[in-house]
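Chain identifiers are assigned alphabetically (A, B, ...) following the order of the sequence lines, protein sequences preceding nucleic acid strands; residue numbering begins at 1 within each chain.
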Number of protein chains: 2
Amino acid sequence: MKRKPSTEATSAWIRLMRVQSRVLDCVEQDLKKAGFPPLAWYDALLELSRAPGGELRPVELERQMLIPQYSTSRLIDRLVDEGLACRRECKIDKRGQFVEITEAGRELQKRMWGAYSAAIEKYVGSKLSDADAVKLSGLLDRLGCSCGEMKLPPVANNTNETTPSR
Amino acid sequence: MKRKPSTEATSAWIRLMRVQSRVLDCVEQDLKKAGFPPLAWYDALLELSRAPGGELRPVELERQMLIPQYSTSRLIDRLVDEGLACRRECKIDKRGQFVEITEAGRELQKRMWGAYSAAIEKYVGSKLSDADAVKLSGLLDRLGCSCGEMKLPPVANNTNETTPSR
DNA sequence: TCAAGATTGATGCAGGTGCATCGAGTGGGG
DNA sequence: CCCCACTCGATGCACCTGCATCAATCTTGA
């Protein structure tokens, strides 16, 4: 027997869509106004900077970021064009390659974290108590885990550390 | 004094981004597999179908949907191209126009609601108790209300009624 | 009444995304 | 060893979005 979606589920869905798009807009707007590239660049730079040797296979990056293959490919193009990363050959698998973050890339990632963390604080931290943030995370987790598995979100637990966006 | 974003706020942010993008992907994928157009079309058709006379000024539609003006303009183009709506002149303001939903538009909106409500149930309703859905809505609301004001989400309270997507 | 400014809606351009497909390279079974 | 299936990554295409700007019209206020 197929249930109709409850009013509550529907309402939660609507708010989830509306709120995240507005908050994300605000954050990206702040970053853009500060002259930074889109958040996706930050995510990629962060993943690269955390990888051992500062390099990853595109296919790894793709899995970390949960974005499609072609999207990764073109994002890497842009990072390379801007000198934030470089492609290196992969000796063990000639189909593949490594992407290595450059010093400029590391430096940009750190600078972006300044603006980014400020935006998170402004649009999330200042609106929610820690306890409520924890509750929200818990409820959201239950939604995420089933349409394909949910990766453990890579959260910094050292307050001096940088943190990924998504 | 400027606080660092708490670990909890950051973690909530990450989950918000990841979870909504995955859930939205799942829902849009289901609709696409059923041969339906994107959710934005549904939203527009719903707004039109609820408007008195089934017609709205583009500028109204834009405010309802919280999307930019040029985006509305082109969305209307597509709806008109597909025969789901038509443009009508606005006699009181010659700059403007009315957009009126057609019968085909109303019919598509209803058919989409079938697939759409099933997807909401599948990806949200089945994962969350009603009580948790209410909690989630409440927490999300607190995030939404401040970067620009939050519109009251137009929620159907009659289970036979259709419901907007965002 | 009329000029200045605001509002409505369209559009050219640059860039990003999804989809399908391709070529190169790998690896496993016969 | 060789062929077939698979994986890795790139790319052409269509479409969609954001941004800037435009023309037309409306409104305001001197």
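Separating the CD atom of B:Q69 from the P atom of C:dT11 is a distance of 11 Å, rounded to the nearest angstrom. The interatomic distance linking B:D81 (CG) with D:dA14 (C1') rounds to 15 Å, in whole Å. Residue A:E62 contributes atom CD, which lies 12 Å from atom P of D:dT7 at whole-angstrom precision. For the pair A:D77 CG and D:dT11 C1', the computed distance is 10 Å after rounding to whole Å. Residue B:D25 contributes atom CG, which lies 9 Å from atom P of C:dC19 at whole-angstrom precision. The distance from atom CZ of B:F98 to atom P of C:dG9 is 9 Å, rounded to the nearest whole Å. What separates CG of A:D93 from C1' of C:dA24 is a distance of 10 Å, to the nearest Å. For the pair B:W41 CH2 and D:dT17 P, the computed distance is 11 Å after rounding to whole Å.
The nearest heavy atom of DNA chain C to A:R78 and to B:Q29 marks one nucleotide each, and the one closer to the 5' end goes with A:R78. Along DNA chain D, the nucleotide nearest A:T72 and the nucleotide nearest B:S71 are compared for position; the residue whose nucleotide lies closer to the 5' end is A:T72. Of the two residues near DNA chain C, A:Y70 and A:K94, the one whose nearest nucleotide lies more 5' is A:Y70.
Between A:S73 and D:dA10, a side-chain N or O to OP1/OP2 separation shorter than 4.0 Å is present. Checking the phosphate oxygens (OP1, OP2) of C:dG9, a side-chain nitrogen or oxygen of B:R57 falls inside 4.0 Å. Distances shorter than 4.0 Å separate some side-chain N or O of B:R87 from OP1 or OP2 on C:dA10. Regarding contacts with the backbone of C:dT7, every side-chain N or O of B:R63 stays at 4.0 angstrom or more from both OP1 and OP2.
Salt-bridge formation is detected for the pair B:R57/B:D93: a Lys NZ or Arg NE/NH1/NH2 atom is positioned less than 4.0 Å from an Asp or Glu carboxylate oxygen. The existence of a salt bridge linking A:E107 and A:R111 is confirmed by a sub-4.0 Å separation between a basic side-chain nitrogen and an acidic carboxylate oxygen. Salt bridge status for A:D25 with A:R22: absent, with no side-chain N to carboxylate O gap under 4.0 Å.
Between B:Y42 and B:Y116, the ring planes are perpendicular. Angles over 60° get that label, and only those under 30° would be called parallel.
A side-chain donor-acceptor contact under 3.5 Å links B:S11 and B:R15.
The B:R74 side chain lies nearest to C:dC13 when the options are C:dT17, C:dT7, C:dC13. Proximity note for B:R95 (side chain, C-beta onward) versus C:dG16, C:dT8, C:dC19: the nearest is C:dT8.
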